[in-house]
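To start, the structure itself, in C-alpha cells.
Hydrogens, waters and symmetry mates play no part in the numbers below; they use all other heavy atoms, side chains included. By convention in this document, chain letters (A, B, ...) are assigned in the order of the sequence lines, proteins followed by strands, and residues within each chain are numbered from 1.
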Number of protein chains: 2
Amino acid sequence: MPHCHTFIAALRQHGYRITPQREMVIEVIAHSRQHMTAEEVYAEVQKRTHAVNIATVYRTLDLLVEEGLASRADLGGGQVVYATAAHGPHIHLVCRQCGLVVDADVVPFEPLFRQIEAAHGFVCSPQHFAIYGQCAACRAAADAVPERG
Amino acid sequence: MPHCHTFIAALRQHGYRITPQREMVIEVIAHSRQHMTAEEVYAEVQKRTHAVNIATVYRTLDLLVEEGLASRADLGGGQVVYATAAHGPHIHLVCRQCGLVVDADVVPFEPLFRQIEAAHGFVCSPQHFAIYGQCAACRAAADAVPERG
DNA sequence: TTCGTTGTTGCAACTGTTTGCAATAAGAGA
DNA sequence: TCTCTTATTGCAAACAGTTGCAACAACGAA
Ligand SMILES: [Mn+2]
Ligand SMILES: [Mn+2]
Ligand SMILES: [Zn+2]
Ligand SMILES: [Zn+2]
C-alpha cells in the first residue's frame with residue numbers, strides 16, 4: 001500500500017508543487033480504505049484545517065486520477081467516488097434502492113471485453129464500472145412484503 | 001414502435017393529466033430514433049413553442065421513466081440520456097476521448113449477471129449500462145501518432 | 001537567504017439539475 | 001356548459017460541480 005510520501009514524491013517527480021492543501025487531500029485519501037466522494041474528502045480535510053477550498057479538493061483529486069495515483073468511479077446518479085490506486089480494478093454493484101456498493105471481480109468479464117473489441121473495435125478500459133440492481137438485503141425485504149401484503 | 005398517442009393513452013390510464021407540455025416532450029422523444037439528453041429534448045421543444053419550462057422537461061422525462069415508457073441511461077461524466085422503451089435493453093460503449101456512444105448486445109453478459117447473483121445475492125438489472133474505453137477511430141488516431149512523433 | 005518565475009489557490013460567477021411553493025388549468029361531475 | 005378539486009406548471013432559490021482570473025506562494029536559481 002503506497003503511503004502519503006509515495007504520492008507526494010510521485011507528484012514532485014512530475015514537476016508538480018507540493019502545497020499544504022495537496023498534502024491534506026493525499027493524507028485523507030491515502031489513509032482511507034474505502035472509496036470516498038469529493039465531499040467526503042472535503043469534510044475529512046475540514047476536520048483538520050479550514051484552509052482548503054472545495055475547488056482545490058476537486059482539482060487535487062482530478063490531478064491524482066490523471067497521474068494514475070487514484071481512480072475515479074462513476075456510480076451513476078451523480079455519485080462519483082475516488083480511491084487510491086491500491087484499491088485495484090473491480091466492478092461496482094450498486095443497489096438502486098439503498099445505495100449499497102459491493103465490489104465484485106472484473107476478471108470473468110474480460111473475455112467479453114475482448115469479444116466487444118473484436119466486434120466493434122472498441123477497447124474497453126473498465127477498471128471501475130458500475131452495474132445497477134438490487135442488493136440481497138433489499139431483495140429479501142421486497143420478498144417479505146409481496147405485491148398484496 | 002409505440003407512437004405519441006400510445007404514451008398519452010398510457011399516462012391517462014394511470015390517472016395522469018395530459019398537458020400541452022407533456023404532449024410536446026412525448027412528441028419529441030417518440031419521434032427520435034436515438035438517445036437524447038434532457039437539454040436536447042428541451043432545445044427541440046423550444047423550436048416549436050417557448051411555452052415549456054426546462055423543469056417541466058425534466059419532470060416529464062422522469063415520469064416517463066417511472067412509468068416504464070422510457071429508459072434513462074447514465075453514461076457517466078454527468079451525461080444522462082433518455083430514449084423510448086422502443087430503444088430496447090443494450091450496453092453503451094462510451095469513448096472517453098471523443099464521447100461517441102456505441103450500442104452493443106447485452107445478451108452475452110447475462111450468464112455473468114447470473115454468476116454475480118449466485119455469488120453476491122445481487123440481482124443485476126442492467127437494461128442500460130455503460131462501459132468506458134476508446135472507440136475504433138480514436139484508437140486508430142492514437143496509433144498513427146505514437147509516443148514520439 | 002532572497003528573488004523571481006510561474007504553478008496553484010481562493011473566490012465568485014457560472015453550469016446543469018432539483019425542489020418548494022403559489023398560480024394555473026385538466027378533467028370529472030353536476 | 002360550468003364548477004370544483006387537485007395535479008401540474010413556472011418561477012426562483014438551492015444544489016453540486018466547474019472555471020476564469022487575480023492574488024499568492026513553492027521552489028529553483030542567484
Ligand atoms: Mn471499489
Ligand atoms: Mn442505447
Ligand atoms: Zn439495497
Ligand atoms: Zn472516440
Using atom [atom1] of [X] as one end and atom [atom2] of [N] as the other, report the distance to the nearest whole Å.
| X | N | atom1 | atom2 | result |
| --- | --- | --- | --- | --- |
| B:Q13 | C:dA28 | CD | C1' | 17 Å |
| B:Q46 | D:dG10 | CD | P | 10 Å |
| A:H14 | C:dG7 | NE2 | C1' | 16 Å |
| A:I8 | C:dT8 | CD1 | P | 14 Å |
| B:R22 | C:dA25 | CZ | P | 15 Å |
| B:L63 | C:dT18 | CG | P | 14 Å |
| A:L61 | C:dT9 | CG | P | 12 Å |
| A:E23 | C:dT9 | CD | P | 11 Å |

Show me the donor-acceptor pairs, under 3.5 Å and distance only, between side chains in residues 7-16 of chain A and residues at least two apart or in other chains.
| residue | atom | partner | partner atom | Å |
| --- | --- | --- | --- | --- |
| A:H14 | ND1 | A:E67 | OE1 | 2.8 |
| A:Y16 | OH | A:E67 | OE2 | 3.1 |

Check: residues 94-105 of chain B side-chain donor-acceptor pairs under 3.5 Å, at least two apart:
| residue | atom | partner | partner atom | Å |
| --- | --- | --- | --- | --- |
| B:R96 | NH1 | A:S125 | OG | 3.2 |
| B:Q97 | OE1 | B:Q134 | NE2 | 2.5 |
| B:D103 | OD1 | B:H90 | NE2 | 3.4 |
| B:D103 | OD2 | B:H87 | NE2 | 3.3 |
| B:D103 | OD2 | B:H90 | NE2 | 3.3 |
| B:D105 | OD1 | B:V107 | N | 3.1 |

Which heavy atom of A:Q46 sits nearest a heavy atom of A:V52, and at what distance?
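The pair with the smallest heavy-atom distance is OE1-O, 3.4 Å.
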When you measure from the side chain of B:Y132 to the backbone N and O of B:L75, does any donor-acceptor pair fall under 3.5 Å?
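Between the backbone of B:L75 and the side chain of B:Y132 there is a qualifying donor-acceptor contact (under 3.5 Å).
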Partner set under side chain to side chain contact (heavy atoms under 4.5 Å, CB included) for A:A137, not counting sequence neighbours:
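Side chain to side chain contact (heavy atoms under 4.5 Å, CB included) list for A:A137, sorted by chain: A:C135.
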Any N/O pairs under 3.5 Å between the protein and nucleotides 24-28 of chain D? List them or say none.
| residue | atom | partner | partner atom | Å |
| --- | --- | --- | --- | --- |
| D:dA26 | N3 | A:R17 | NH1 | 3.1 |
| D:dC27 | OP1 | A:R12 | NH1 | 3.3 |
| D:dC27 | OP1 | A:I18 | N | 2.7 |

Check: protein-nucleotides 17-19 of chain D nitrogen or oxygen pairs below 3.5 Å:
| residue | atom | partner | partner atom | Å |
| --- | --- | --- | --- | --- |
| D:dG17 | OP2 | A:E39 | OE2 | 3.4 |
| D:dG17 | OP2 | A:Y58 | OH | 2.1 |
| D:dG17 | O5' | A:Y58 | OH | 2.8 |

So A:H31 and A:H3, would you call those rings parallel, tilted or perpendicular, with 30° and 60° as cut-offs?
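Rings of A:H31 and A:H3: perpendicular, over 60°.
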Non-hydrogen side-chain atoms of A:V80 and A:R72 separated by less than 4.5 Å:
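When only atoms from C-beta onward are counted, A:R72 and A:V80 do touch, with a gap below 4.5 Å.
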Check: B:R59 and B:T56 side chains under 4.5 Å, non-hydrogen atoms
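Result yes, sub-4.5 Å side-chain heavy-atom pair found.
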Quick one: which residue pairs count as a side-chain hydrogen bond (donor to acceptor under 3.5 Å, both in side chains) with a foot in residues 110-122 of chain B, not counting sequence neighbours?
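Sorted pair list: A:R139-B:E117.
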